[in-house]
Amino acid sequence: QVQLVESGGGLVQAGGSLRLSCAVSGRTFSSYAMGWFRQAPGKEREFVAAINWSDGTTDYADSVKGRFTIFRDNAKNTVALQMNSLKPEDTAIYYCIAHKAYNFLLIGGGDWGQGTQVTVSS
């Protein structure tokens, strides 16, 4: 089990950018797949992006492809989500997630952070 703390959320205008960061505690960070989910008001949590630990494989939701980039720094035990060309529909609470099994993480399994709010104004 790992502990996850997100940061970097805030208010931004449509078309703007934000970078979310997730600090991960635990000495085996490099063996965990990492990802981001989000939950908009009145909606269920949905997958955003993920990165595998073994080969750096990444996956993205169709709605964010080409705009968001996930990357990790194993030396610093962090994973980040660079969000560009933000849209009002990106408004949500964003959660960092970790699990040793990549396929399980893709469906929302694993340890979750507390979340950070992202608000995109039109």
Side-chain angles (χ1 to χ4, degrees):
Q1 187 175 7
V2 293
Q3 284 71 51
L4 311 170
V5 179
E6 304 95 335
S7 61
L11 174 63
V12 64
Q13 289 188 333
S17 298
L18 278 176
R19 177 176 291 190
L20 306 182
S21 184
C22 176
V24 185
S25 64
R27 291 182 289 180
T28 59
F29 170 76
S30 61
S31 66
Y32 277 78
M34 302 296 302
W36 293 89
F37 278 66
R38 67 185 181 186
Q39 186 168 21
K43 295 186 178 181
E44 294 186 353
R45 286 183 181 178
E46 64 175 1
F47 168 76
V48 176
I51 184 165
N52 204 352
W53 68 272
S54 58
D55 57 5
T57 299
T58 57
D59 284 281
Y60 297 91
D62 288 341
S63 59
V64 307
K65 281 181 181 177
R67 300 189 299 122
F68 291 11
T69 303
I70 186 171
F71 52 96
R72 63 192 294 160
D73 186 334
N74 287 341
K76 296 182 179 179
N77 279 21
T78 60
V79 61
L81 184 68
Q82 177 67 41
M83 306 185 295
N84 299 327
S85 303
L86 283 162
K87 304 175 181 180
E89 51 264 42
D90 294 318
T91 295
I93 299 174
Y94 284 71
Y95 298 90
C96 180
I97 180 174
H99 198 281
K100 288 196 173 184
Y102 187 64
N103 288 339
F104 194 55
L105 178 142
L106 292 178
I107 60 173
D111 299 312
W112 289 70
Q114 293 299 308
T116 185
Q117 176 70 48
V118 171
T119 303
V120 184
S121 62
S122 58

Checking the side chain of [X] only, and the main-chain atoms of [Y] only, is there a donor and an acceptor separated by less than 3.5 Å?
X	Y	answer
S122	P88	no
Q13	S121	no
D111	V2	yes
Q3	S25	no

Minimum heavy-atom distance [X]-[Y], with the two atoms named:
X	Y	answer
N84	S17	OD1-OG, 2.9 Å
L105	A50	CD2-CB, 3.6 Å
A33	R72	CA-NH1, 4.2 Å
L81	W36	CB-NE1, 3.6 Å
H99	G110	CD2-CA, 3.3 Å
C22	M34	SG-CE, 4.4 Å

Test of understanding: with ring pair (Phe, Tyr, Trp, His ring centres under 6.0 Å), list the residues that count as partners of Y95, not counting sequence neighbours.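 Applying ring pair (Phe, Tyr, Trp, His ring centres under 6.0 Å) to Y95 gives W112.
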For [X], which residues count as a side chain to side chain contact (heavy atoms under 4.5 Å, CB included) partner, sequence neighbours excluded?
X	value
R67	V64, S85, K87, D90
F71	R19, T69, A80, Q82
V118	L18, L20, M83, Y94, V120

Give the other cluster members for V5, using side-chain heavy-atom distances under 4.5 Å between Ile, Leu, Val, Met, Phe, Trp and Tyr residues; answer none if it is isolated. none
Distance check, rounded to the nearest 0.5 Å: T78 atom OG1 versus L4 atom CG?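 Atom-to-atom, T78:OG1 and L4:CG are 12.0 Å apart.
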Could you check whether any side-chain heavy atom of F68 comes within less than 4.5 Å of a side-chain heavy atom of L86, counting everything from C-beta outward?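 In short, these two side chains touch, coming nearer than 4.5 Å.
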Please check if the number of heavy atoms outside Q117 that lie under 6.0 Å from its CD is greater than 12. yes
Determine whether S21 and K76 satisfy the following criterion, side-chain contact (heavy atoms from CB on, under 4.5 Å), listing intermediate values before the conclusion. CA-CA 11 Å; S21 184; K76 296 182 179 179; over 6 Å; no
Can you pull the ring-ring contact (aromatic ring centres under 6.0 Å, His included) pairs that have at least one residue in residues 43-67, sequence neighbours excluded? F37-F47
Can a side-chain donor-acceptor contact be found between Y102 and D59 if the only test is distance below 3.5 angstrom? yes
Shared hydrophobic cluster for I97 and V48 (ILVMFWY, side-chain gaps under 4.5 Å):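 Looking at the clustering, V48 is in a separate group from I97.
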